[in-house]
Amino acid sequence: MADDGRLLRDVLHDAAQQLLASPALALEARTDGTAGSEVEGHREARWLVAAMLDVAPGELGRLLSVGYRTPASTQARIEVAARRRATGEPMAYCVGTAPFRHLVLAVDRRVLIPRPETEIVVGEALRLTASHPGGIAVDIGTGSGAIALSLATEGRYERVIATDLSDDALAVAAANAARVAAARVAAAEPGGAPVEFRQGADLAPLRGVRARVIVSNPPYIAYSEAAALPRSVRDWEPTVALVAADEGMARYAAILAGAHEHLEPLGWVVFEVDTRRAQRTAALATTQGYQQVQVVRDLTGRERVVLAQYAPA
């Protein structure tokens with residue numbers, strides 16, 4: 001351990017005090033209904049410091065108990081991240097990473113922050129294809145690559161195609177693919193399916209592709225609803241990945257209209273949806289001729305995922 005840094009105890013204390021003194025975080029707590037207590041400030045500080053040290057938050061207790069001294073370079077990065085968080089910037093952007101299922105992904109303001117609800121989307125896609133290995137899985141609007149890389153590492157597909165309209169997002173996703181591959185090599189784990197990145201909107205990049213499953217967490221917030229989003233989302237995350245025309249339904253409509261041409265017989269479409277649009281999306285899928293249309297709820301009981309199967313006559 002380096003002996004030129006400050007005690008982790010003091011670094012952690014200073015980060016917590018900076019977060020507790022932040023007017024932006026106090027407003028965020030009141031607006032979002034989260035705890036604005038001293039306990040919450042200390043918890044956020046632990047998450048931030050642990051991420052910058054690349055350890056689990058629970059590991060901090062052991063480091064504190066042995067009088068760990070934070071290397072000067074890491075201390076400087078913690079100070080920068082704490083200052084950024086104190087302005088209200090989302091934690092994941094401040095520390096540069098976000099967990100998703102079994103992965104830790106690099107994220108910045110070019111992409112949405114992966115969320116637990118999206119893990120359900122991956123789980124449903126894997127469940128629907130588990131008995132029939134092989135084939136192609138597609139992730140439309142890949143962002144950080146969270147869905148595509150999870151399908152590649154957890155599924156049994158021949159390959160995964162990840163698309164996005166944004167070149168910036170594809171750059172983040174490709175870097176995450178390299179990050180995941182390196183981590184799996186270091187852990188002597190199988191490499192998983194290869195992931196191919198393609199630029200374009202909706203189904204445009206899929207010419208000639210017949211997929212076993214098409215998965216998407218598309219923009220689904222109506223323009224009229226954008227102002228009511230939490231500040232931590234509205235003011236920081238990329239608008240193009242959040243909002244869509246036709247009261248938030250445009251991307252669902254575009255994908256469902258053409259997915260028949262890019263699915264194997266009995267292939268599936270799996271969407272993450274806004275709970276306010278789950279039934280509309282399911283009805284649209286039924287109208288478009290899909291079979292076994294289902295709405296799946298998340299752990300809080302909200303309608304969060306729509307499944308639809310392509311079953312040609």
Side-chain angles (χ1 to χ4, degrees), residues 112 117-118 120-122 124-125 127-129 132 135-143 145-148 151 157 159-167 169-170 173 196-226 238-296 303-313:
L112 293 181
E117 302 84 56
T118 309
I120 301 171
V121 177
V122 174
E124 289 297 316
R127 178 183 67 81
L128 292 169
T129 58
H132 192 190
I136 298 171
V138 171
D139 173 23
I140 295 177
T142 195
I147 290 175
L151 292 175
Y157 304 104
R159 61 187 171 121
V160 175
I161 298 173
T163 77
D164 207 288
L165 179 62
S166 165
D167 286 329
L170 289 173
E196 177 186 349
F197 297 99
R198 299 185 181 185
Q199 193 274 337
D202 301 326
L203 300 166
L206 300 183
R207 180 174 298 178
V209 171
R210 286 282 182 177
R212 190 148 298 167
V213 61
I214 293 176
V215 185
S216 185
N217 176 21
Y220 54 59
I221 302 299
Y223 284 97
S224 60
E225 298 165 342
T239 301
V240 68
L242 292 168
V243 298
D246 190 21
E247 291 300 302
M249 291 294 295
R251 303 280 58 81
Y252 299 123
I255 294 170
L256 287 169
H260 306 82
E261 300 176 11
H262 299 288
L263 283 169
E264 296 179 1
L266 305 184
W268 289 88
V269 175
V270 182
F271 283 132
E272 180 171 335
V273 295
D274 183 281
T275 188
R276 295 166 291 187
R277 296 175 179 87
Q279 292 300 325
R280 286 179 64 188
T281 305
L284 181 60
T286 300
T287 301
Q288 293 280 0
Y290 294 87
Q291 306 295 315
Q292 297 197 55
V293 178
Q294 305 165 48
V295 177
V296 177
E303 295 180 328
R304 178 56 70 178
V305 180
V306 170
L307 318 174
Q309 187 179 50
Y310 169 53

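Taking every heavy atom of both residues into account, R198 and P205 meet most closely at NH1-O, 2.7 Å. Across A308 and Y290, no two heavy atoms sit closer than the pair CB-CB, 3.7 Å. Across V243 and P219, no two heavy atoms sit closer than the pair O-CB, 3.3 Å. Scanning both residues, A148 and A162, for their nearest heavy atoms gives CB-CB, 3.7 Å. Contact between A259 and V269 at its shortest, heavy atoms only, is CB-CG2, 4.0 Å. Across all non-hydrogen atoms, the minimal contact from V273 to Y252 is CA-OH, 3.1 Å.
Partners of R280 according to the salt bridge (charged side-chain N to carboxylate O under 4.0 Å, His left out) rule, which considers only residues two or more places apart in sequence or in another chain, do not exist here. Contacts of R304 classified as salt bridge (charged side-chain N to carboxylate O under 4.0 Å, His left out), with partners at least two apart in sequence or in another chain: E272, D298. S224 pairs by the side chain to side chain contact (heavy atoms under 4.5 Å, CB included) definition with A222, E247, not counting sequence neighbours. For E264, the side chain to side chain donor-acceptor pair (under 3.5 Å) criterion is met by R212, not counting sequence neighbours. With sequence neighbours excluded, no residue satisfies side chain to side chain donor-acceptor pair (under 3.5 Å) with Q291. Contacts of E124 classified as side chain to side chain donor-acceptor pair (under 3.5 Å), with partners at least two apart in sequence or in another chain: R127.
In this structure the side chain of I147 never reaches within 4.5 angstrom of the side chain of T142, judged on heavy atoms. Between Q199 and L165 the shortest side-chain heavy-atom distance falls below 4.5 Å. Residues L128 and Q292 have side chains not in contact (no heavy-atom distance under 4.5 Å, counting atoms from C-beta outward). With contacts defined as side-chain heavy-atom distances shorter than 4.5 Å, the pair V215/L151 qualifies.
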Worksheet item: Can you check side-chain contact (heavy atoms from CB on, under 4.5 Å) on D202 and R251, steps first, answer last?
Response: CA-CA 7 Å; D202 301 326; R251 303 280 58 81; 2.8 Å; yes
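Atom CZ of F271 sits about 8.5 Å away from atom CD1 of I214, to the nearest 0.5 Å. Separating the CZ atom in R277 from the CG atom in L284 is a distance of 13.0 Å, to the nearest 0.5 Å. In this structure, the separation between OG1 on T286 and CG on L256 is 9.5 Å, given to the nearest 0.5 Å. Taken from OG1 in T281 to CG in L307, the straight-line distance is 12.0 Å, to the nearest 0.5 Å. The CD1 atom of I161 sits 5.0 Å away from the CD atom of E196 when rounded to the nearest 0.5 Å. To the nearest 0.5 Å, atom CD of residue E303 and atom CZ of residue R276 are 13.0 Å apart.
Remark: E261 CD is loosely packed, at most 12 non-hydrogen atoms of other residues, nucleotides or ligands lying under 6.0 Å away.
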